[in-house]
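To keep things clear, I will list the structure first and then write my remarks on it.
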2 protein chains.
Amino acid sequence: MSERGSSDDYEETRPIRVRSSTAEWAAAILRRRVTQGGLLPGSRLVEDELAAELEVSRNTLREAFRLLGHERLLEHKLNRGVYVRVLSPADVADIYRVRRMIEGAAVRRPDKDPVSLAALRDAVADAETAAGKGHWLDVGTADLRYHQIIASLLGSRRVNAMMAQTLAELRLVFHAMDPRALHAPFLPRNRDLLALLESGRDAEAEHLLATYLDEAERLLLAACAAAVTPI
Amino acid sequence: MSERGSSDDYEETRPIRVRSSTAEWAAAILRRRVTQGGLLPGSRLVEDELAAELEVSRNTLREAFRLLGHERLLEHKLNRGVYVRVLSPADVADIYRVRRMIEGAAVRRPDKDPVSLAALRDAVADAETAAGKGHWLDVGTADLRYHQIIASLLGSRRVNAMMAQTLAELRLVFHAMDPRALHAPFLPRNRDLLALLESGRDAEAEHLLATYLDEAERLLLAACAAAVTPI
DNA sequence: TCTTATCAGATTGTTGAACAATCCTTATAT
DNA sequence: ATATAAGGATTGTTCAACAATCTGATAAGA
């Protein structure tokens with residue numbers, strides 16, 4: 001029934017559906033498959049097949065599609081079906097414009113929440129542990145968490161939501177890259193940035209973040225352009 | 001069939017549906033009703049009634065509900081129905097956190113697009129014309145357009161989308177206030193801000209914007225708190 | 001050969017009816 | 001007055017059907 005071996009297979013049964021609709025449950029499963037790479041960008045999602053596999057009706061599945069389409073993880077082409085979003089280089093550049101805006105504002109903000117700083121330390125530690133074991137996918141997860149926490153310094157539910165969506169979208173490109181080449185360069189910088197934040201050297205932190213984002217963008221743009229122009 | 005006299009009645013027939021699904025068409029109509037005040041916050045949207053009125057099936061209508069729920073214009077309570085969102089003071093405060101972040105970043109950005117500056121001039125002129133005629137709702141529309149253009153200075157599709165959604169949400173509170181009291185104070189400031197932007201005095205612009213947003217937030221928070229605590 | 005037209009198959013878009021699950025209100029009993 | 005139970009109303013979800021549209025292959029024409 002459900003494809004085994006894929007990393008999101010655990011708990012695909014319905015305990016999550018304690019207090020949410022079937023559509024949201026289906027959306028949650030698809031969201032995980034997309035972000036974790038079980039469904040690669042460009043894949044087509046056929047209504048009949050998926051509905052049968054998830055054991056929901058086509059109508060319910062279509063409600064889930066609408067949700068994920070709005071999150072920009074799926075692309076809905078009228079009369080042509082639903083596809084996992086394929087990011088263009090322009091999308092990557094745009095995502096980094098958003099990241100600069102959000103994370104820049106967060107780093108610049110004066111009094112940082114100590115709880116968030118502690119959470120940042122955890123994320124850095126987790127990333128380094130995972131790196132030590134060679135688990136580069138986990139490093140990526142910890143890295144995204146790190147930046148989500150950075151955004152949360154602004155203390156805004158809506159900004160948190162924007163950031164989460166933006167990072168989920170960005171993750172679509174990750175699967176086009178070697179995870180080690182992608183994450184290794186930023187491991188020490190996350191620690192450096194945290195140190196600057198903790199000691200209140202915000203101007204330096206802002207500068208480090210800027211160069212950080214510039215380089216990450218360059219890396220992903222390259223990978224993305226290569227994936228778009230394989231021939 | 002459709003309630004006559006409501007301000008969004010024109011063109012509710014289906015010319016818009018040139019290349020979009022029925023669900024999106026229904027969502028567009030509901031979105032307009034909500035943002036233009038035809039449907040007030042707290043109103044309940046009953047599936048059967050609305051489906052009959054819009055002449056779409058319940059399933060299609062539910063797809064539209066999902067879209068607008070994701071835009072935070074409607075609130076979906078499981079097994080209890082769909083309601084036009086009611087913003088709490090905390091929501092208003094959060095929206096203004098977002099506005100400060102986005103518009104602040106936009107104003108701070110060095111080289112402004114001349115086309116956008118021209119569009120800002122138009123918006124200011126439209127607002128002043130409407131104010132002269134006493135059309136305060138149109139003033140509000142022009143004002144929102146003004147700030148949407150401000151955001152567009154960042155040149156990011158995603159930021160534009162975030163801003164559009166945020167302003168649509170904010171508009172929910174507008175209906176709880178006298179439009180003149182809400183918009184009149186900001187008419188001259190929009191012009192002043194534009195002048196500062198055109199002459200490149202970005203620091204002053206940033207400061208003016210900050211005080212602008214602070215005062216607008218205060219006004220709306222008051223109205224919002226009064227609406228929440230009528231007894 | 002290259003283009004255009006046609007056609008069948010497959011998939012999506014949308015509907016209407018049906019029924020279960022849940023909520024809300026009212027009536028009843030304690 | 002409080003608690004419980006019944007009933008109606010609305011939502012949640014499914015199913016089957018058909019129309020609309022796309023896709024690809026085949027056939028006809030330049």
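Residue numbers begin at 1 in each chain, while the letters A, B, ... track the order of the sequences.
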B:Arg80 side-chain N/O to C:dT22 phosphate OP1/OP2 under 4.0 Å: no
If you compare every side-chain N and O of A:Arg44 against the phosphate oxygens of C:dT12 (OP1, OP2), does one of them come in below 4.0 Å? yes
Gap between atoms CG and C1', on B:Leu74 and D:dT11 respectively (whole Å): 15 Å
Does the side chain of A:Arg62 get closer than 4.0 angstrom to OP1 or OP2 of C:dT12 through an N or O atom? no
How close or far is atom P of D:dT11 from atom CG of B:Asp48, stated in whole angstroms? 7 Å
To the nearest angstrom, the CD-P distance between A:Glu49 and C:dA10 comes to 13 Å
Between D:dT14 and A:Thr60, is there an OP1 or OP2 to side-chain N/O distance shorter than 4.0 Å? yes
Grab the NZ-P distance between A:Lys77 and C:dT12 for me, whole Å please. 13 Å
To the nearest Å, give me how far apart CD (A:Glu24) and P (D:dT13) are. 9 Å
Looking only at C:dT14, D:dT13, D:dT21, the nucleotide nearest the A:Asn79 side chain is D:dT21
Of all the choices, C:dT12, D:dT14, D:dT13, which nucleotide is nearest to the side chain of A:Val56 once you look at every atom? D:dT14
Would you mind classifying the nucleic acid contact of B:Val46 as base, sugar-phosphate or nothing, using non-hydrogen atoms under 4.0 angstrom? sugar-phosphate
Any side-chain N or O of B:Thr22 below 4.0 angstrom from OP1/OP2 of C:dG13? no
Mind checking if B:Leu45 touches a base, just sugar-phosphate, or nothing, with heavy atoms under 4.0 Å? sugar-phosphate
B:Leu61 atom CG is separated from C:dT14 atom P, nearest whole Å, by 13 Å
Nearest heavy atoms of B:Val173 and B:Cys224, plus distance in Å: CG1-CB, 4.0 Å
Quick one, A:Ser21 with B:Arg66, criterion side-chain hydrogen bond (donor to acceptor under 3.5 Å, both in side chains). Give me CA distance, side-chain angles, the key distance, then yes/no. CA-CA 12 Å; A:Ser21 70; B:Arg66 293 284 180 194; 3.2 Å; yes
Is the B:Tyr212-B:His147 ring centre distance short of 6.0 angstrom? yes
Choosing from D:dG12, D:dA16, C:dG13, which nucleotide comes nearest the side chain of A:Arg58? C:dG13
Residue pair A:Tyr83/A:Asn59 against DNA chain D: nearer the 5' end by closest nucleotide is A:Asn59
Is A:His76 close enough to C:dG13 that one of its side-chain N or O atoms is under 4.0 Å from OP1 or OP2 there? yes
Rounded distance in Å - CD (A:Glu63) to P (C:dG13): 14 Å
Quick test of your reading: applying ring-ring contact (aromatic ring centres under 6.0 Å, His included), list the pairs with at least one residue in residues 71-106 of chain A, sequence neighbours left out, ordered by first then second residue. none
Let's go through B:Leu61 and B:Leu30 carefully: what are the C-alpha distance in whole Å and the side-chain angles of both, what is the deciding distance for side chain to side chain contact (heavy atoms under 4.5 Å, CB included) to 0.1 Å, and is it a yes or a no? CA-CA 10 Å; B:Leu61 181 60; B:Leu30 294 178; 4.1 Å; yes
Whole angstrom value for the distance that separates C1' of C:dT14 from CG of B:Leu54: 14 Å
